[in-house]
Amino acid sequence: MNFENVIKNRCAIRKFKKEKVSNEIITKILEAGTLAPTAKNLQPQKIFVVESNEGLEKIDKASPCRYNAPICFIVACDKSKSFNKNNHSTYEIDASIVATHMMLEATNLGVDNIWIEMFDRDILKKEFKMEPDIEPIMIMPIGYRTEDCPVSPMHLIRKNLDEFVEYV
């Protein structure tokens, strides 16, 4: 798929089949995350690949938004390894860029996904025994949409450039 089609076709899927994504495709998605730019190229991301029933139950404890996906990535960041200066840290930005690269590659490979920010961080950190400096940024359920999964009617509604771009 060319890049323009990837960015136009990626949408939030809220109903997944139980069909697993192959390890080869999972690796390609993860590799796309390694290509993401991070501040000073520190690459502070930490990715949890959650595919066991036990792990998925832990996700369900922290969020109601897994949508039956057979695999989830938890995209987190090690705050101690991110760029920090003058009370500013880039850990959230870095992890978000990594997650975006992964989402776009998943779409490119025909794998549906959704960005989940609605989760209890404390529960997630506890359930996955995350070190204190590891901060989860998002959960990305991935898989293949069911045939009866509608695309959000809001997906194609976009503002015109003149509504948010200003040339100076």
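Index from 1, following the sequence.
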Value rounded to 0.5 Å, distance of [atom1] in [X] from [atom2] in [Y]:
X	Y	atom1	atom2	result
Asn23	Thr27	CG	OG1	6.5 Å
Cys77	Met138	SG	CE	13.0 Å
Ser52	Glu57	OG	CD	8.5 Å
Leu109	Met1	CG	CE	9.0 Å
Ile13	Arg145	CD1	CZ	3.5 Å
His101	Leu35	NE2	CG	6.5 Å

Quick one: does [X]'s side chain have a donor or acceptor within less than 3.5 Å of a partner on [Y]'s backbone?
X	Y	value
Asp120	Asp122	yes
Asn160	Asp162	no
Ser63	Met118	yes
Lys20	Glu51	yes

Taking side chain as C-beta onward, heavy atoms only, is [X] less than 4.5 Å from [Y]?
X	Y	answer
Ile139	Trp115	no
Leu42	Thr90	no
Phe3	Leu104	yes
Ile97	Thr100	no
Ile142	Cys72	no
Phe119	Cys65	no
Gln45	Asp94	no
Lys125	Glu135	yes

Return the set of residues passing side-chain hydrogen bond (donor to acceptor under 3.5 Å, both in side chains) with Lys129 (not counting sequence neighbours), or none when no residue passes.
-> none
Members besides Tyr91 in its Ile/Leu/Val/Met/Phe/Trp/Tyr cluster (side-chain heavy atoms under 4.5 Å) =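 Taking Ile, Leu, Val, Met, Phe, Trp and Tyr as members, Tyr91 shares its hydrophobic cluster with Ile137.
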Hydrophobic cluster mates of Ile157, side-chain heavy atoms under 4.5 angstrom, ILVMFWY only, any path?
->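 So far as hydrophobic clustering goes, Ile157 is joined with Met154.
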Minimal non-hydrogen separation, [X] against [Y], with atom names:
X	Y	result
Ile26	Val21	CD1-O, 3.7 Å
Phe48	Phe128	CE2-O, 4.4 Å
Gly55	Val50	C-CG1, 3.2 Å
Phe83	Lys40	CE1-CE, 3.1 Å
Pro70	Leu56	O-CD1, 3.5 Å
Arg66	Ala69	NH1-O, 2.6 Å

Same cluster (ILVMFWY, side-chain, under 4.5 Å), [X] and [Y]:
X	Y	value
Ile47	Ile71	yes
Val49	Ile29	yes
Ile114	Leu124	yes

Give the C-alpha distance, both sets of side-chain angles, the deciding distance and a yes or no for side chain to side chain contact (heavy atoms under 4.5 Å, CB included) between Val168 and Glu166.
-> CA-CA 6 Å; Val168 292; Glu166 181 175 337; 3.7 Å; yes
Are Ser89 and Ser82 linked by a side-chain donor-acceptor pair shorter than 3.5 Å?
->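 Yes, Ser82 and Ser89 have a side-chain donor paired with an acceptor closer than 3.5 Å.
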Do Arg10 and Asn113 have a side chain donor and acceptor closer than 3.5 Å?
-> yes
Does a sphere of radius 6.0 Å around NZ in Lys79 hold more than 12 heavy atoms from other residues, nucleotides or ligands, not counting ones at 6.0 Å or beyond?
->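 Atom NZ in Lys79 is crowded, with more than 12 foreign heavy atoms closer than 6.0 Å.
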Any chance CD of Glu54 has more than 12 other-residue heavy atoms, nucleotides or ligands included, within less than 6.0 Å?
->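 12 or below, so no.
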Looking at Lys46, Met130, Met140, which one forms a side chain to side chain contact (heavy atoms under 4.5 Å, CB included) with Ile74?
-> Met130
The side-chain hydrogen bond (donor to acceptor under 3.5 Å, both in side chains) partner of Lys15 among Asn68, Thr146, Asp148 is Asp148
